[in-house]
Amino acid sequence: MFSSSKIKSVDFYRKIPRDLTEASLSGGGLSIIAALAIMFLFGMELNDYLTVSTTTSIVVDNSSDGDFLRIDFNISFPALSCEFASVDVSDVLGTNRLNVTKTIRKFSIDPHLRPTGAEFHSGPLPHYIKHGDEVDEETNEGSVALNSASFDKLSHQYQILVVNFYAPWCYWSTRLKPSWEKAAKIIKQRYDPEVDGRILLAKVDCTEEVDLCRRNHIQGYPSIRIFRKGSDVRETHGHHEHESYYGDRDTDTLVKTMEDLVDSIPQEDKKIALEDKSNVTKRPAPLSGGCRIEGYVRVKKVPGNLIISARSGSHSFDASKMNMSHVISHLSFGKTVSPQVLNDVKRLIPYLGRSHDKLNGRSFINHRDLDANVTMEHYLQVVKTEVVTTKSSHDHRIIEEYEYTAHSSLAQSVYIPVAKFHFELSPMQVLVTEDSKSFSHFLTNVCAIIGGVFTVAGILDSIFHNTIRLMKKVEIGKNY
């Protein structure tokens with residue numbers, strides 16, 4: 001056992017009797033200053049300990065999320081009908097996916113981007129539409145040519161009005177014309193419009209009746225519309241709740257389709273046909289001339305294109321009248337990061353997330369100041385950013401996001417205008433690592449602060465005290 005005397009012999013902090021010490025005014029002031037300095041430096045050290053430091057490095061992209069990248073988007077096109085809006089994906093490896101539908105939703109919108117109804121279900125279009133082999137004869141016209149005035153009159157007069165909106169220069173309109181006129185002549189013979197009054201086949205030349213075709217949101221030629229009296233014919237020209245026909249275009253099919261439509265309306269029954277029980281290849285027509293397209297696509301991690309355009313294998317489009325103006329509500333790459341997580345990361349790392357959705361809320365509108373056939377292109381450089389955060393010594397959380405820069409331009413094209421998003425992924429990635437300080441490092445710094453301040457204060461007090469004593473001695477020497 002160690003005796004108390006032996007323990008006292010190793011005392012590094014020997015005490016001076018209080019009676020042998022002398023308190024001074026300068027020493028008291030310096031002690032107060034030293035205490036305040038210790039508190040200030042301790043607060044700064046504590047704040048530095050609680051603040052997570054980050055290190056940023058550029059490394060080769062070793063993505064763990066596979067060979068595919070997800071692109072989420074929500075884009076509104078005020079002048080592109082949902083009827084023909086198509087989302088296509090291509091890349092440098094030769095991948096081409098046309099008219100992606102499984103992960104895409106469409107909503108008809110008005111010119112102010114407001115939705116005009118429920119989701120627009122385009123449904124699968126047939127890859128091949130049968131046309132007739134009839135020869136075009138000018139004297140064999142059976143359909144009625146309409147203008148704005150006669151269209152409004154006849155749409156209120158007949159139970160069913162089937163209209164072929166066409167353009168003379170259109171190849172598909174030319175192929176449809178013989179079958180359409182022959183079918184109209186047959187239907188007129190079987191159901192005399194003057195006696196029966198249930199159905200009438202008509203046609204509208206969209207190069208002559210531009211306003212009428214625009215009112216019915218005609219963007220592709222030919223477009224066959226089925227109007228039903230009462231259900232969609234309004235006094236305010238609101239012919240919106242009608243249907244589009246997408247079936248075969250030979251005479252026999254057209255005649256069979258018209259007969260099925262008439263069968264749902266008994267001749268003696270003068271009630272309005274509100275319900276269609278026929279099995280006809282048709283879908284509701286778009287409620288307006290605009291379309292909001294939202295959803296996602298998965299692409300390979302190579303340079304590629306996301307293209308939105310008007311597409312159809314049996315319609316023609318007037319490129320000079322196509323306007324691909326659009327408003328981007330959302331466009332992002334990679335896995336969807338929840339707003340809460342993104343806000344937490346932005347709070348910890350202020351410079352992160354600034355380009356996560358760079359194009360959000362931006363509008364690209366063609367006001368027709370330029371020539372026609374304007375394609376809008378966006379060039380996107382995509383870089384992966386990975387954040388490694390440390391919550392504790394055993395808890396590591398990895399956040400991955402893709403940021404991008406965007407450069408947009410307008411380009412003249414001899415083809416149908418499109419909205420093209422060209423993306424390229426960088427082979428490098430940004431790695432942001434958050435390093436939290438250890439508690440032992442914090443204690444070491446606190447001890448260094450306390451010891452250092454006391455040592456410096458003691459040196460200053462000694463210098464100040466000895467200087468005063470020396471000055472007093474000099475002053476006493478002068479008096480003697």
Any donor-acceptor N/O pair, [X] side chain to [Y] backbone, under 3.5 Å:
| X | Y | value |
| --- | --- | --- |
| Thr116 | Ser108 | yes |
| Asp91 | Gly94 | yes |
| Asp192 | Asp196 | no |
| Tyr415 | Val418 | no |
| His407 | Thr405 | no |
| Ser81 | Glu83 | yes |
| Asp67 | Lys301 | no |
| Thr253 | Arg249 | no |
| Asn323 | Ser325 | yes |
| Lys188 | Gly142 | yes |

Any residue meeting side-chain contact (heavy atoms from CB on, under 4.5 Å) with Ser90, in chain and number order, not counting sequence neighbours: Asn96, Asn305
I'd like to check [X] versus [Y] (side-chain heavy atoms, cut-off strictly below 4.5 Å). Are they in contact?
| X | Y | answer |
| --- | --- | --- |
| Ile160 | Arg198 | no |
| Leu176 | Tyr166 | no |
| Ile224 | Ser244 | no |
| Leu69 | Lys300 | no |
| His326 | Ile328 | yes |

Evaluate the side-chain contact (heavy atoms from CB on, under 4.5 Å) criterion for residues Lys321 and Val210: first the C-alpha distance (whole Å), next the side-chain angles of each, then the deciding distance (0.1 Å), finally the verdict. CA-CA 11 Å; Lys321 296 181 180 179; Val210 178; 4.3 Å; yes
Does Glu401 come within less than 4.0 Å of Lys384, counting only side-chain N to carboxylate O? no
Do NZ/NE/NH1/NH2 and the carboxylate oxygens of Asp205 and Lys203 come within less than 4.0 Å? no
Closest heavy-atom contact between [X] and [Y]?
| X | Y | answer |
| --- | --- | --- |
| Thr375 | Ile416 | OG1-O, 4.4 Å |
| Ser76 | Leu113 | CB-CD2, 3.9 Å |
| Tyr158 | Pro193 | OH-CB, 3.3 Å |
| Gly334 | Tyr402 | CA-CD1, 3.6 Å |
| Ser314 | Ile129 | OG-CD1, 3.1 Å |
| Met376 | Ile365 | CE-C, 3.9 Å |

Decide yes or no on ring-ring contact (aromatic ring centres under 6.0 Å, His included) for His330 and Phe73, but give the supporting numbers first. CA-CA 5 Å; His330 177 76; Phe73 55 89; 9.2 Å; no
Go through it in stages, so that I can follow the logic: the residues are Phe421 and Tyr379, the test is ring-ring contact (aromatic ring centres under 6.0 Å, His included), and I'd like the CA-CA distance, side-chain angles, deciding distance and then a yes or no. CA-CA 6 Å; Phe421 297 83; Tyr379 297 89; over 10 Å; no
Report the C-alpha distance between Asp88 and Arg97 in whole Å, list the side-chain angles of each, state the deciding distance to 0.1 Å, and finish with yes or no for salt bridge (Lys or Arg N to Asp or Glu O under 4.0 Å). CA-CA 6 Å; Asp88 307 329; Arg97 287 187 293 154; over 6 Å; no
So for atom OH, which belongs to Tyr49, do other residues, nucleotides or ligands contribute more than 12 heavy atoms lying within a distance under 6.0 Å? yes
Give a yes or no on whether Met428 atom CE has more than 12 heavy-atom contacts from other residues, nucleotides or ligands under 6.0 Å away. yes
Would you say the ring centroid of His378 lies under 6.0 angstrom from that of Phe423? no
Ring-ring centroid check Tyr221 Trp169, cutoff 6.0 Å: yes
Intermediate values then yes/no, side-chain contact (heavy atoms from CB on, under 4.5 Å), Tyr191 and Val262: CA-CA 9 Å; Tyr191 308 97; Val262 176; 3.5 Å; yes
Residues Lys106, Glu294; criterion salt bridge (Lys or Arg N to Asp or Glu O under 4.0 Å); working and verdict: CA-CA 7 Å; Lys106 301 177 185 177; Glu294 61 181 52; over 6 Å; no
Sequence neighbours excluded, which residues qualify as salt bridge (charged side-chain N to carboxylate O under 4.0 Å, His left out) partners of Arg190? Glu259
CA sep, side-chain torsions, deciding dist, call: Val144, Leu201, side-chain contact (heavy atoms from CB on, under 4.5 Å): CA-CA 7 Å; Val144 179; Leu201 271 66; over 6 Å; no
Give a yes/no verdict on a cation-pi contact between Arg70 and Tyr296, requiring under 6.0 Å between NZ or CZ and the six-membered ring centre and an angle within 45° of the axis. yes
When you check the side-chain N and O atoms of Asp260 and Thr257, is any donor under 3.5 Å from an acceptor? no
Audit row: Phe151, Phe227, ring-ring contact (aromatic ring centres under 6.0 Å, His included) steps and yes/no: CA-CA 11 Å; Phe151 177 85; Phe227 298 88; 5.3 Å; yes
List the steps, then state whether salt bridge (Lys or Arg N to Asp or Glu O under 4.0 Å) holds for Arg215 with Asp152. CA-CA 12 Å; Arg215 198 171 76 196; Asp152 291 338; 2.9 Å; yes
If you apply the rule side-chain hydrogen bond (donor to acceptor under 3.5 Å, both in side chains), what do you find for His217 with Gln219, and how did you get there? CA-CA 6 Å; His217 316 301; Gln219 295 184 1; over 6 Å; no
Run the side-chain hydrogen bond (donor to acceptor under 3.5 Å, both in side chains) test on Glu45 and Asn445 for me, step by step, so that the C-alpha distance in whole Å, both residues' side-chain angles and the decisive distance to 0.1 Å come before the verdict. CA-CA 7 Å; Glu45 182 63 26; Asn445 286 352; 2.8 Å; yes
In sequence, state the C-alpha distance, the side-chain angles, and the governing distance for Phe333 and Tyr404, and then conclude on ring-ring contact (aromatic ring centres under 6.0 Å, His included). CA-CA 8 Å; Phe333 293 82; Tyr404 62 90; 5.4 Å; yes
Take Leu80 and Met324 through the side-chain contact (heavy atoms from CB on, under 4.5 Å) test and state the conclusion after the steps. CA-CA 7 Å; Leu80 176 63; Met324 297 305 295; 4.0 Å; yes
